[in-house]
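Let me begin by presenting the structure, written as structure tokens, before commenting on it.
Heavy atoms only: backbone and side chains are in, while hydrogens, waters and symmetry mates are out.
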Amino acid sequence: MTTKETPKKRVPRKPASKSAKAKSKPKKGVATSRGWGRKLWSITWKLALIVMAALTIYSIYLDQIIARKFEGQKWHLPAQVFSRSMALYPGAAVSHGQLIAELKLLGYRKVANPRQVGEFSASKTKVDLWRRPFLHPQGSQGEQRVMITFDGFGVESVARHDDKRQMAVFHLEPVLLDRMITGDGEDRLFVPTEKMPQAIVDALILVEDRSFYQHHGVNPFAIVRAAMVNISAGRTVQGGSTLTQQLAKNFFLSSERSLIRKVREALMAIIIDFRYDKNEILEAYLNEVYMGQDKSRAVHGMGLASQFYFGRPIAELTLPQQAFLVAAIKGPSYYNPWRYPARAQERRDLVLRLLMEAEQLSVAQYKAAVESPLGLRKFDKPVHQKLPAFFAVVRHELNQRFGNALLQQSGIKVYTTLDPMAQEAAEKAVASTMKQLSQRDKALQVGMVLTDKYSAGIAAMVGDKVPSYQGFNRAVEIRRPIGSLVKPFVYATALSQGNKYTLATPLKDEPITLKNGQGKTWSPQNVDKKFTGQVPLLTAFKRSMNVPTVNLGMAIGTSAVATTLDKAGWTDKIPEYPSMLLGAINGSPLMVAQAYQTLADNGRYRQLSAVTHVLDMDNNPLQGAGLSSSQAIDVGSDFLVQHAMTQVVASGTARRLGQAFPGVTLAGKTGTSNDSRDSWFAGFDERNVAAIWVGLDDNGKTGLYGSSGAMAVYQAFLKNRAPISLRRTPVNGVVQGYFDATSGAAMERDCGNVMALPALAESYHPAKNCGEPLSWWQKLTGG
């Protein structure tokens, strides 16, 4: 039986109270607020992640930039160019006065008794020297104290101060002439931290960043402190950047003022501090910091700043000078000591006071330091030498011998042959003489080359009457007829021909007419338009007579003369025409210097050079192409030509030079081209060979002879740099001969009317009985 289910009764719900409704349904504003909060939080942490990711990626990017800079080549260090290193040894052709002048040029201090490196004392014949350590091309040279003694010929001895032992050779450090900077205009001398004076390091940290060794690249407390000070002052009076931040800015950033740059600077500073040792950061800063402006060159680093402000190595600076370098960092232009000396000294004294307050200086040391002058170098004394003519030759030689990519390398050291004292004397001689000659013609110009007789190096070069002018280099680039400067090579060729010629051989001095292949005639004339019939070879030479020279040259052949000149180092093609015997050969002072260097060097040709050694950044020598050398002229024949050249100065066309330096043996030869267009002189003392040209760029007539133009420059040079008399040491194969003054025949010493002249032993066969017929008894006994 089925039962029917009774339906349940629905109980009606009570209406919710207002309060319950309020609890169960949130307000619309609250819901919106919570929704926006969740969204804002979601966006914020997502953005934070994005920013952190971007910052991480950017930091990795900055880290790579920093690593490349720090672990690679921090700077392109300009090539340093040095002068020759003066060598002192027994017999060296260096006088007492020349050594003292060199020491002063190097910045040595003269004292009563040397007590430290960089000092010397001097008496009339001795110099007590405490030499600095330096890098020599053949190895590092330590500091050393020596006693150098002089005699009338130069250096007599060099002895160690401690044990009195004699030294075979002693070198002075070379002069740093210049640095060949790149296009960025930055110049610096790298100094490692261990060679930096500790007082500079201490003062730098004390003044610029006291918490350098504690912070991690950025110092928040310093930033806040600086901000409060600047707000209080109403202007920027204090910075909060650490040394690491300053380094980051100098290395990688511009000087613009912006928040973005400051953030980037801070990031880089943190990365640098994390990656690198504090001392490495400090070394980078000390060599990077901007320290002033030397005309177009930006002076960077303490090493170069020491030379720029004080003209001496940083290791030799006094404490007040070291303090000034730190003081100048704040504003090199504002504290320029030459323009604002009071301002610069006040800033220096502040640094000294901070050192005293930090107990790094005693009160007595502080008082002594602040009372000392700044001790600056003379402003008109350049930090680097202006040597446009010489540096042009150096660049060319580096390119030829070492390749054109050499100067792109960082930190190379180029050692040259330049003698700073010879260069200074040459420049003074050119300036003073050309000032006088310009009264005749203001357009007159000059080219001058000096070589070192012993090393065959270019000792000095001037390419313009304004030596510092950087333009056309007349010492190298001109090509002008050399006139009578060719004659020594004509006579050297003749004297080399065995028994044919001696210094006494008579030469025809009679009219001569020569015809060329085109039928044109040429009749050479002597300067005085006169003929003497015949003259001894030596007389023709010292008077620079044209006709006897042409007769001699035609007898031996123009081809033979051209060969001699070519072997002596003449680089251009030599025209083998009769006129070449009187100097119708175009050349430059450098070419003449090369040929006369061969004459001065006992007939030995050695290719002139301006560069001796090149070292790379690690001070390893670089190998370049070698230089040519050969015996060009027989030693005996060359000795006779040298003797003839001394007679040119003693009583020939250059006798005014001999009169200016009595008692000094000099060798020389004057030269004048046709119509007195070119004035030439070439000659030498025991140390230097000189070749000088004076003329007009437009090849106009000057009215000058060799003796009145170019020789005047040489004479002025020797007044600035006292000559050393030639040491006429006899050579093998040369004897003292006696010759009849009329016939030139070889005679015995006791014969009458004879002149004493050096002669080649192989060609000197004196006539017995003074050339008189032998008696029957002499014939019987064999004379």
Side-chain angles (χ1 to χ4, degrees), residues 84 91-94 153-154 417 419 422 426 448-461 475 482 484-493 495-496 541-542 564-570 587-610 627-650 652 654 657-658 661 664-671 680-692 706 710-711 714 717-718 721 723-731 734 758:
R84 60 91 180 94
V94 179
F153 300 99
T417 58
D419 181 337
M448 181 176 185
V449 176
L450 290 162
T451 75
D452 183 287
K453 194 178 85 167
Y454 290 94
S455 69
I458 299 171
M461 181 177 286
I482 64 173
S484 295
L485 294 193
V486 75
K487 289 177 181 176
F489 302 95
V490 177
Y491 288 85
T493 306
L495 292 167
S496 297
F541 184 96
K542 71 179 185 179
T564 299
L565 195 54
D566 182 68
K567 287 182 177 179
W570 200 260
S588 68
L590 181 60
M591 294 167 66
V592 170
Q594 174 69 82
Y596 273 74
Q597 167 69 30
T598 300
L599 290 176
D601 197 14
N602 298 324
R604 178 175 53 159
Y605 161 72
R606 285 187 290 168
Q607 184 180 350
L608 289 179
S609 67
L627 301 169
S628 303
S629 177
S630 62
Q631 191 65 39
I633 302 171
D634 174 72
V635 174
S637 302
D638 188 79
F639 184 88
L640 300 185
V641 173
Q642 284 194 31
H643 175 79
M645 290 178 68
T646 64
Q647 298 309 298
V648 172
V649 177
L657 179 64
F661 300 96
V664 179
T665 302
L666 300 170
K669 186 70 189 76
T670 57
W680 288 92
F681 180 84
F684 48 91
D685 66 355
E686 184 58 29
R687 179 184 47 234
N688 294 123
V689 179
I692 304 161
M711 194 181 80
Y714 184 64
F717 167 77
L718 293 184
R721 183 173 168 83
I724 296 179
S725 186
L726 279 169
R727 301 167 186 170
R728 299 285 295 147
T729 306
V731 298
V734 175

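- For Asp685, there are no side chain to side chain donor-acceptor pair (under 3.5 Å) partners two or more places apart in sequence or in a different chain.
- Using a 4.5 Å heavy-atom cutoff, the side chains of Val734 and His643 are not in contact.
- Atom OG1 of Thr564 is separated from atom CZ of Phe489 by 9.0 Å, given to the nearest 0.5 angstrom.
- Taking both residues in full, the closest heavy atoms of Phe681 and Ala654 are given as CE1-CB, 4.3 Å, listed atom of the first, atom of the second, then distance.
- Nearest heavy atoms, Ala667 versus Gln642: CB-O, 4.4 Å.
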Inset, instruction - Start with the C-alpha gap between Leu450 and Asp419, add the side-chain angles, then the distance that decides, and say whether side-chain contact (heavy atoms from CB on, under 4.5 Å) holds. - result: CA-CA 9 Å; Leu450 290 162; Asp419 181 337; over 6 Å; no
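- Atom CG of Leu640 is separated from atom CD1 of Ile633 by 11.5 Å, given to the nearest 0.5 angstrom.
- For Phe639 against Pro758, the heavy-atom pair with the smallest separation is CE2-CB, 4.1 Å.
- For an aromatic pair to be called close, the ring centres must be under 6.0 Å apart, and Tyr714 with Phe684 fails this.
- Side chain of Gln594 to backbone of Tyr605: no donor-acceptor contact under 3.5 angstrom is found.
- Enclosure of atom CZ in Phe661 by more than 12 non-hydrogen atoms of other residues, nucleotides or ligands within 6.0 angstrom is indicated.
- Within the 4.5 Å cutoff, the side chain of Asp638 has heavy atoms near those of the Leu599 side chain.
- A donor-acceptor pair under 3.5 Å is absent between the side-chain atoms of Asn602 and the main chain of Arg604, judged by distance alone.
- A pairwise comparison of heavy atoms in Ala593 and Val689 identifies O-CG1, 4.4 Å as the closest pair.
- Between Asn688 and Tyr454, every side-chain heavy-atom pair lies at or beyond the 4.5 Å cut-off.
- Without hydrogens or angle criteria, Gln647 side chain to Gly652 main chain gives no donor-acceptor distance under 3.5 Å.
- Salt bridge status for Arg84 with Asp452: absent, with no side-chain N to carboxylate O gap under 4.0 Å.
- Here Ser725 contributes atom OG and Phe153 contributes atom CZ; the two are 8.5 Å apart, rounded to the nearest 0.5 Å.
- For the pair Met448/Pro589, no side-chain contact is recorded, criterion being any heavy-atom separation below 4.5 Å from C-beta on.
- Put simply, CD on Gln597 and OG1 on Thr451 are 4.0 Å apart, with the number rounded to the nearest 0.5 Å.
- Counting heavy atoms from C-beta on, the side chains of Tyr596 and Lys453 never come closer than 4.5 Å.
- Interatomic distance, Arg606 CZ to Gln631 CD, rounded to the nearest 0.5 Å: 10.5 Å.
- For the pair Leu718 and Val664, the minimum side-chain heavy-atom distance is 4.5 Å or more.
- Between the side chain of Thr598 and the backbone N or O of Ala568, at least one donor-acceptor pair lies under 3.5 Å.
- Residue Met461 comes nearest to Ala475 through the heavy atom pair CG-CB, 3.6 Å, listed as atom of the first residue, atom of the second, then distance.
- The shortest distance between side-chain heavy atoms of Trp570 and Ile482 falls below 4.5 Å.
- A donor-acceptor contact shorter than 3.5 Å links the side chain of Thr417 to the backbone of Ile458.
- Judged by distance alone, with hydrogens and angles left aside, the side-chain atoms of Arg728 form no donor-acceptor pair with the main-chain N or O of Thr665 at under 3.5 Å.
- Looking at Glu686, its side chain never comes within 3.5 Å of a backbone N or O of Ile724 through a donor-acceptor pair.
- Across all their heavy atoms, Gly671 and Leu485 have their closest contact at N-CD2, 4.0 Å.
- For the pair Ile692 and Phe717, the minimum side-chain heavy-atom distance is 4.5 Å or more.
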